[in-house]
Participant: 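Below is a structure I'd like to ask you about.
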Amino acid sequence: MTAPSVLIVGESLAGTTAARELRTLGHAGPVTVIGAEGHGAYSRPPLSKAVLRGPGADDSLVQDIDGLEIGIVRSAAIAADLSRRTVITTDGREFRYDALIIATGAEARRLAEPGQRGELVLRTLDDARLLRSRLEAAASAIVVGAGFLGMEVASACAARGIPVCIVDIDRPLERLLGGYLSAAITARAEAYGIQCVRTSGLAMLTGDPVHGVTLPGGTELTADLVVTCAGETPCTGWLAGTGLADELGVGIDHTCATLVPGVFAAGDVTYLRADDSGPDRRAPFWSNAVAQGKVAAASVLGLPPAGPPHDDYFWTEVAGLTLKVVGPLPLTAGPTAVEGRMGEGRALLTWKHPDGRSTVVAYGMRKSVTALRVRALGQSVSTL
Ligand SMILES: Cc1cc2nc3c(=O)[nH]c(=O)nc-3n(C[C@H](O)[C@H](O)[C@H](O)COP(=O)(O)OP(=O)(O)OC[C@H]3O[C@@H](n4cnc5c(N)ncnc54)[C@H](O)[C@@H]3O)c2cc1C
């Protein structure tokens, strides 16, 4: 029997991880990756960190899959025909597959009205370069959305000495990390030069080109640049008519299988369908994209996945501080244990959840991810 041909749509973290894993697992058949971006695959987390600081980091982002005999097509997929097992790209080519892995990730959610120009977002390398060049000339900034991405962008502004105001309905990072960490991070962010503004509803972008926001109640804020960090939307337009996608993305099970035989999905484009372990859930983080890329590759080959399609490690850098988190999110209430000193930006915190699992957070404290994983499993971290 000849080895199946595998088509991966999306040349980024989940897609290249799947491609690499197919070869690691011994798949000798054809593998083709279709990618929409001319840059090829690159790592996104540095875009809101080192890349905003200066151009020095741009060359270290590449995630290549050279030497693995993988065909690369740089043209966006625009349609899929699941009954004929084909995908069509913008340049008019048609690609047949035996197995398809959907890894098209997500794009930034925008708040601008149709036709309103000048909204800045941060999802791609091009977005990051544009934002970096705008930061060089800006005397003031507004960031809409105080999740991890918004806080990283606001931190980049403050680190350059640009007065920055971050606007959200919730407190900074509260949705993900809960009230205790949010309060500590807010205090630290304000001392770092970030003004945190809480609103009672959605902020509206004003001006064309955009030069500010109007808050519910009528308060108007203006700035040289306005960056929207209001979440992401799964890239599923090219799957129209296939029934594979809904507003949450492409639903998968624990083997990364969709509801259509031979079609798998991985990364930010997906959500895990409701099952005994919980409701439908999206988790658009780096370590999940890696875990799902590996699981999807194993499933394509009919092999049992080596691990689950999720990984509960997450990190961010806010106001000069690195936070590493291992364990279930979101967090609620206060930690059950604190070692170190929050005020000095160096602490190790533990949350024990009612189901017996733990979440461990290194708040500015240098700890390896392995050490945090061991800690989350209830063992000592001091020797690691
Ligand atoms: C600025 C930024 C900072 C981040 N920081 C962190 C962090 O600190 N920690 C963390 O855990 N996570 C972070 N993340 C999230 C993490 O980067 C993502 O979870 C990860 O990139 C998801 O990988 P992916 O391969 O699923 O999707 P993506 O990285 O979105 O890649 C999908 C690829 O598919 C391509 N594509 C889309 N549509 C098509 C089409 N029709 N045809 C062909 N190709 C297509 C896209 O162009 C893209 O290249 C960050 C994300 C961003 C944007």
Side-chain angles (χ1 to χ4, degrees), residues 7-19 32-52 61 63 72-80 87-91 93 95 100-109 120-129 131-132 145 147-153 155-156 173 176 227 229 231-240 245 249-250 252 256 265-271 282-293 296 309-318 322-326 329 369:
L7 183 62
I8 300 172
V9 184
E11 187 190 5
S12 188
L13 185 59
T16 56
T17 301
T32 304
V33 177
I34 296 178
E37 288 185 73
H39 299 297
Y42 56 88
S43 179
R44 279 171 220 276
L47 299 183
S48 48
K49 305 174 184 74
V51 172
L52 290 188
L61 307 176
Q63 296 174 318
I72 308 273
V73 177
R74 299 255 159 82
S75 181
I78 49 169
V87 169
I88 296 172
T89 51
T90 322
D91 57 10
R93 284 189 280 172
F95 296 87
L100 173 66
I101 299 178
I102 298 167
T104 43
E107 59 193 7
R109 189 158 81 86
L120 293 167
V121 295
L122 181 51
R123 180 76 201 179
T124 66
L125 179 55
D126 290 341
D127 293 337
R129 285 179 170 155
L131 179 54
R132 186 172 66 205
F148 79 86
L149 185 57
M151 290 303 285
E152 289 184 354
V153 171
S155 301
L173 288 166
L176 205 57
V227 190
C229 299
E232 73 292 310
T233 311
C235 291
T236 56
W238 65 283
L239 294 168
V250 177
I252 55 169
C256 287
D268 284 12
V269 74
T270 70
Y271 68 93
R282 274 184 62 69
F285 299 123
W286 186 89
S287 50
N288 281 321
V290 172
Q292 291 178 6
H310 49 79
D311 180 336
D312 55 13
Y313 168 56
F314 162 77
W315 81 100
T316 185
E317 292 174 21
V318 179
T322 299
L323 273 100
K324 293 183 185 171
V325 182
V326 171
L329 293 175
V369 181

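None of the values given here were measured: they were computed from a predicted structure. We're numbering straight along the sequence, starting at 1. Just so you know, ligand 1 is whichever comes first in the structure, and atom 1 is the first atom listed for that ligand.
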Participant: Give the numbers and elements of all ligand 1 atoms closer than 4.0 Å to a heavy atom of Ala14.
Facilitator: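 Every atom of ligand 1 under 4.0 Å from some heavy atom of Ala14: 24 (P), 25 (O), 26 (O).
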Participant: Quick one: does Phe314 get an N or O within less than 3.5 Å of an N or O on ligand 1?
Facilitator: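 Phe314 vs ligand 1: no N/O contact under 3.5 Å.
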Participant: Of all the atoms in ligand 1, which lie at a distance below 4.0 Å from a heavy atom belonging to Gly267?
Facilitator: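 Within the 4.0 Å cut-off of Gly267, ligand 1 contributes 26 (O).
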Participant: So that I can tick it off, tell me whether Glu232 and Arg44 are bridged by a salt bridge, with the cut-off set at under 4.0 angstrom between side-chain N and carboxylate O.
Facilitator: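 Salt bridge flag = no for Glu232 with Arg44.
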Participant: Taking the side chain as C-beta and beyond, is there a heavy-atom pair between Trp315 and Val369 under 4.5 Å?
Facilitator: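 Trp315 vs Val369: side chains apart.
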Participant: What are the atoms of ligand 1, with element, lying closer than 4.0 Å to any heavy atom of Trp286?
Facilitator: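 Listed by number with element: 10 (C), 11 (O), 12 (N), 16 (C), 19 (O).
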Participant: Contact between Lys49 and ligand 1, counting heavy atoms under 4.0 Å?
Facilitator: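 Yes, Lys49 has heavy atoms under 4.0 Å from ligand 1.
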Participant: Heavy-atom distances under 4.0 Å are what count here, so tell me which part of Val269 touches ligand 1: side chain, backbone, both or neither.
Facilitator: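 Within the 4.0 Å criterion, Val269 makes no contact with ligand 1.
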Participant: Identify, by atom number and element, the atoms of ligand 1 in contact range of Asp268, meaning under 4.0 Å from any of its heavy atoms.
Facilitator: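 Selected atoms, number and element: 18 (C), 19 (O), 20 (C), 22 (C), 26 (O).
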Participant: Side-chain contact, heavy-atom cut-off 4.5 Å: Leu323 with Phe148?
Facilitator: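 No - every pair of side-chain heavy atoms lies 4.5 Å or more apart.
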Participant: Check whether any side-chain N or O of Ser287 sits under 3.5 Å from a backbone N or O of Tyr313 as a donor-acceptor pair, and report yes or no.
Facilitator: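 Looks like yes, one N/O pair under 3.5 Å.
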Participant: Any atom of ligand 1 sitting under 4.0 Å from a heavy atom of Tyr313?
Facilitator: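 So Tyr313 does not count as touching ligand 1.
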Participant: Could you tell me whether some N/O pair between Thr316 and ligand 1 is separated by less than 3.5 angstrom?
Facilitator: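 N/O-N/O distance under 3.5 Å: no.
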Participant: So which protein heavy atom does atom 46 (C) of ligand 1 come closest to, and at what separation?
Facilitator: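 It is Glu37 OE2, 3.8 Å.
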Participant: Any sub-3.5 Å donor-acceptor pair from Thr104's side-chain atoms to Cys235's backbone N or O?
Facilitator: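 Looks like yes, one N/O pair under 3.5 Å.
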Participant: Any idea which part of Glu107 is under 4.0 Å from ligand 1, heavy-atom wise: side chain, backbone, both or neither?
Facilitator: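 Neither; nothing of Glu107 gets under 4.0 Å from ligand 1.
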Participant: Indicate yes or no for a side-chain donor-acceptor contact from Asp311 to the backbone of Ala291 under 3.5 Å, with no hydrogens or angles considered.
Facilitator: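 It does not hold such a pair.
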Participant: Taking distance alone, with N or O pairs closer than 3.5 Å, would you say Ala77 contacts ligand 1?
Facilitator: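 Yes.
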Participant: What is the nearest protein non-hydrogen atom to atom 51 (C) of ligand 1, stated with its residue, atom name and distance?
Facilitator: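 Protein heavy atom at minimum distance: Arg44 CB, 4.0 Å.
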Participant: Would a 4.5 Å heavy-atom cut-off, applied to side chains only, mark His39 and Leu61 as touching?
Facilitator: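 The answer is no, as the side chains (C-beta and beyond) never meet within the 4.5 Å cut-off.
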Participant: Hey, which atoms in ligand 1 end up nearer than 4.0 Å to a heavy atom of Leu13?
Facilitator: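 What qualifies from ligand 1 is 23 (O), 25 (O).
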Participant: Report yes if some heavy atom in the side chain of Val326 is under 4.5 Å from a heavy atom in the side chain of Asp312; otherwise report no.
Facilitator: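 Sidechains of Asp312 and Val326: in contact.
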Participant: Tell me whether Arg93 contacts the main-chain N or O of Ile88 through its side chain, where contact means a donor paired with an acceptor under 3.5 Å.
Facilitator: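 Not at all, since once roles are kept as given, no pair shorter than 3.5 Å links the two residues.
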Participant: Checking the N or O distance criterion of under 3.5 Å, is ligand 1 in contact with Gly15?
Facilitator: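 No: no nitrogen or oxygen of Gly15 is under 3.5 Å from one in ligand 1.
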Participant: Distance to 0.1 Å, residue and atom name: give those for the protein heavy atom nearest to atom 4 (C) of ligand 1.
Facilitator: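 Nearest protein contact, heavy atoms only, for atom 4 (C) of ligand 1 is Pro45 CA, 3.5 Å.
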Participant: Could you tell me which atoms of ligand 1, counted from 1 in the order shown, lie closer than 4.0 angstrom to a heavy atom of Trp238?
Facilitator: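 Checking each atom against Trp238, I get 41 (N).
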Participant: Check whether any side-chain heavy atom of Trp238 sits under 4.5 Å from a side-chain heavy atom of Ile102, and report yes or no.
Facilitator: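 With C-beta onward as the side chain, the pair touches.
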Participant: Relative to atom 27 (O) of ligand 1, which among Gly40, Gly105, Cys229, Gly35 owns the nearest non-hydrogen atom?
Facilitator: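 Going through Gly40, Gly105, Cys229, Gly35 one by one, Gly105 has the nearest heavy atom to atom 27 (O) of ligand 1.
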Participant: Determine whether the side chains of Ser155 and Glu317 contain a donor N or O and an acceptor N or O closer than 3.5 Å.
Facilitator: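 On atom types as modelled, these side chains do not qualify, holding no pair under 3.5 Å.
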Participant: One residue to check: Ala103. Relative to ligand 1, which of side chain, backbone, both or neither has a non-hydrogen atom less than 4.0 Å away?
Facilitator: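 Just the backbone.
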Participant: Would you say Thr270's side chain and Ile252's backbone share a donor-acceptor pair under 3.5 angstrom?
Facilitator: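 Between the backbone of Ile252 and the side chain of Thr270 there is no qualifying donor-acceptor contact (under 3.5 Å).
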Participant: Please identify which atoms of ligand 1 are closer than 4.0 Å to at least one heavy atom of Ala106.
Facilitator: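 In order of numbering, the contacting atoms are 30 (O).
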Participant: Quick check: closest heavy atoms across Glu11 and Ile72, and the distance to 0.1 Å?
Facilitator: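 Nearest heavy atoms, Glu11 then Ile72: OE2-CG2, 3.8 Å.
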Participant: Over all heavy atoms of both residues, which pair between Val250 and Ala265 is shortest? Give the atoms and the distance, please.
Facilitator: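 Of all heavy-atom pairs spanning Val250 and Ala265, the closest is CG1-CB, 3.8 Å.
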Participant: Which protein non-hydrogen atom lies closest to atom 44 (N) of ligand 1, naming both residue and atom, and how far is it?
Facilitator: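 Going by distance alone, atom 44 (N) of ligand 1 is nearest to Ala36 N, 3.1 Å.
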Participant: Of all the non-hydrogen atoms in the protein, which one sits nearest to atom 33 (C) of ligand 1, and at what distance?
Facilitator: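 Checked against all protein heavy atoms, atom 33 (C) of ligand 1 sits closest to Ser12 CB, 3.7 Å.
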Participant: How would you list, by chain and number, every residue that makes a side-chain hydrogen bond (donor to acceptor under 3.5 Å, both in side chains) with Asp127, sequence neighbours excluded?
Facilitator: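 Listed in chain order: Thr124.
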Participant: Measure the distance from atom 30 (O) of ligand 1 to every protein heavy atom, then report the residue, atom name and distance (to 0.1 Å) of the closest one.
Facilitator: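 Checked against all protein heavy atoms, atom 30 (O) of ligand 1 sits closest to Arg123 NH2, 2.7 Å.
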Participant: If you have a sec, work out which protein heavy atom is nearest atom 14 (N) of ligand 1 and how many Å separate them, to one decimal?
Facilitator: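 For this ligand atom, the closest protein heavy atom is Phe148 CZ, 4.0 Å.
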Participant: Is there a side-chain contact between Asp268 and Arg123, using heavy atoms and a 4.5 Å cut-off?
Facilitator: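 When only atoms from C-beta onward are counted, Arg123 and Asp268 do touch, with a gap below 4.5 Å.
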Participant: Is there any N or O on Trp315 that sits under 3.5 Å from an N or O of ligand 1?
Facilitator: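 Between Trp315 and ligand 1 (N or O atoms, distance only) the closest approach is under 3.5 Å.
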Participant: Give me the nearest non-hydrogen protein atom to atom 37 (C) of ligand 1 as residue plus atom name, then the distance to 0.1 Å.
Facilitator: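 Scanning the protein heavy atoms, the shortest distance from atom 37 (C) of ligand 1 goes to Thr104 O, 3.2 Å.
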Participant: Can you list the atoms of ligand 1 that are under 4.0 Å from a heavy atom of Ala289?
Facilitator: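 What qualifies from ligand 1 is 22 (C), 23 (O).
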